[in-house]
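Below you'll find the structure, written out as structure tokens, and then a few comments.
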2 protein chains.
Amino acid sequence: MARPDQPADDGPLDPTELAAWRGMLRVHARVTAILDAQMREAHGLTVSQYEVLLFLGDAPDGQMRMADLASRALLTRSGMTRLVDRLVELRYVERAAAEGDGRGAFACLTPAGADALRVAQRTHRRGIREEFLRKLPQSEQLALGNAWEHVLRD
Amino acid sequence: MARPDQPADDGPLDPTELAAWRGMLRVHARVTAILDAQMREAHGLTVSQYEVLLFLGDAPDGQMRMADLASRALLTRSGMTRLVDRLVELRYVERAAAEGDGRGAFACLTPAGADALRVAQRTHRRGIREEFLRKLPQSEQLALGNAWEHVLRD
DNA sequence: GCCATGTAGTTGCGCGCGCAACTAGATGGC
DNA sequence: GCCATCTAGTTGCGCGCGCAACTACATGGC
């Protein structure tokens, strides 16, 4: 028997559901495309590469283990290996063996990397504000924060 | 002169801004990864391929021009060419010349494609509800919809 | 001490996509 | 009618990433 008053969990999305879901896809695609283009054009970096510099900049001594970088950047270890390869070519990062663990390697921010980070960070923050935060009153920013917390907490 | 009461647009993000922005990145990455894995495992399709079937299913006569598909799916025309190639191999889609425009081509949903769409749609809707909508009361879904509208309208 | 198992990082391979160049056909100025 | 320009679609190439296999080292049971 059909039970139209008890919609199936695989039935069509209603307009509220659609707006919440599709809107996120649209906004994410658009904003990240713009930020990626800005970062590439202004600094020759991808956003992922920038984020790695950012994580290193926040870390004590400007260095982190490869696996920690990978998990923070939401990449696999193999992806991080290649990403750091490119940052090493740019002289923004150096590798260092981990003393006390012969398997481990650190990625270390160089002075040139720290300089690049400082400049790129301004581009990135301005882009996030211009393309995203500026269009949202603080009340809506707070509402988004709450929603994300609900989605992410298991 | 520093003007701490007038924060620079490239200064650090405050906690509210950070939660709104980073949360979206996290939620988007996580939910799309899960939906992609479900779609691949259950039906051997990527979400992009599924969406093309969906657009065709909604179109009159189950057919659309390549360029229209590309813009709806947020892909380039070249990406759509290859994506449709794969759907043709799967026998879910056929190509047809556009009469009256010798350049044009339609992608047409086959009966097998319509069947695949029906089944895959259930997987996808269930995934969206399970991983995203279920964790948001309707008030928050409405708040998200409003926020997306603000970000997207120029 | 020795071996089974686990972990860190790298490498070979393939996929999905964008960019730029290209072909074929449409369109407008004259 | 003719040619410059535009548009639709495809193709060659490269990039960024994940998966699985591999190497090297660490760790715990005995």
Side-chain angles (χ1 to χ4, degrees), chain A residues 25 28-30 32-41 43-53 56 63-90 93-108, chain B residues 25 28-30 32-41 43-53 56 63-90 93-108:
Chain A
L25 297 185
H28 180 274
R30 170 163 163 173
T32 57
I34 292 172
L35 296 184
D36 238 315
Q38 288 176 347
M39 189 59 69
R40 172 141 245 128
E41 184 168 351
H43 311 290
L45 292 172
T46 66
V47 168
S48 289
Q49 289 167 350
Y50 160 74
E51 285 186 315
V52 167
L53 296 182
L56 291 177
Q63 58 179 7
M64 283 178 71
R65 292 291 289 259
M66 295 296 292
D68 294 339
L69 276 177
S71 73
R72 284 208 60 182
L74 305 178
L75 295 181
T76 60
R77 294 195 308 278
S78 79
M80 187 53 63
T81 293
R82 252 88 62 135
L83 193 158
V84 167
D85 285 347
R86 293 188 289 274
L87 292 176
V88 168
E89 284 170 25
L90 291 169
V93 163
E94 289 173 349
R95 289 180 209 267
E99 42 205 280
D101 184 343
R103 299 165 304 178
F106 280 94
C108 311
Chain B
L25 297 184
H28 180 274
R30 170 164 163 171
T32 57
I34 293 172
L35 295 184
D36 238 316
Q38 289 176 346
M39 189 59 69
R40 172 143 245 127
E41 184 167 351
H43 310 291
L45 292 172
T46 66
V47 168
S48 290
Q49 289 166 350
Y50 159 74
E51 284 186 316
V52 167
L53 296 182
L56 291 177
Q63 58 180 7
M64 283 178 73
R65 293 291 289 255
M66 294 296 292
D68 295 338
L69 276 177
S71 73
R72 286 209 58 183
L74 304 178
L75 295 181
T76 60
R77 294 196 307 279
S78 79
M80 187 53 63
T81 293
R82 253 87 63 136
L83 192 157
V84 167
D85 284 348
R86 292 189 290 273
L87 292 176
V88 169
E89 282 170 25
L90 291 170
V93 163
E94 290 173 349
R95 289 180 210 266
E99 42 205 279
D101 185 343
R103 300 165 303 179
F106 281 94
C108 311

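No experiment lies behind these values; they were computed from the predicted model shown.
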Under 4.0 Å, counting only non-hydrogen atoms across every strand here, what does A/L69 touch: a base, just sugar-phosphate, or nothing?
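Counting heavy atoms under 4.0 Å across all strands, no contact is made by A/L69.
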Where the side chain of B/L83 is concerned, which of D/dG16, D/dC19, C/dC17 is the nearest nucleotide?
C/dC17
B/R77 has its side chain closest, among D/dT11, D/dC17, D/dA8, to D/dA8
With B/Y50, which residues qualify under ring pair (Phe, Tyr, Trp, His ring centres under 6.0 Å), at least two apart?
B/H124
OP1 or OP2 of [N] sitting under 4.0 Å from any side-chain N/O of [X]?
X     : N      : answer
A/R86 : D/dC15 : no
A/R40 : D/dG16 : yes
A/R65 : C/dT7  : no

State, with a plain yes or no, whether a side-chain heavy atom of [X] is found less than 4.5 Å away from one of [Y].
X      : Y     : result
B/L69  : B/L75 : no
B/Q49  : B/L83 : yes
A/M64  : A/V52 : no
A/H28  : B/L25 : yes
B/L45  : B/L53 : yes
B/F106 : B/R65 : yes

Separation of [N] [atom2] from [X] [atom1] (nearest whole Å):
X     : N      : atom1 : atom2 : result
A/L90 : D/dG16 : CG    : P     : 11 Å
B/L75 : C/dC15 : CG    : C1'   : 14 Å
A/D36 : D/dC17 : CG    : C1'   : 13 Å
B/M66 : D/dT7  : CE    : P     : 18 Å
A/L45 : D/dG16 : CG    : P     : 11 Å
B/D85 : D/dG9  : CG    : P     : 13 Å

With no angle test and no hydrogens, is the base of C/dG9 tied to the side chain of A/R82 by a donor-acceptor pair under 3.5 Å?
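Flag unset: no donor-acceptor pair detected.
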Would the base of C/dC19 count as contacting B/S78 through its side chain, where contact means a donor and an acceptor less than 3.5 Å apart?
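In this structure, the two groups form a donor-acceptor pair.
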By a strict heavy-atom criterion of less than 4.0 Å, which residues belonging to residues 95-107 of chain B are in contact with DNA chain D?
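Only B/R95, B/R103, B/G104, B/A105 qualify.
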Start at the 5' end of DNA chain C and walk down; is the nucleotide closest to A/M80 or to B/S48 reached first?
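It is A/M80 whose nearest nucleotide is closer to the 5' end.
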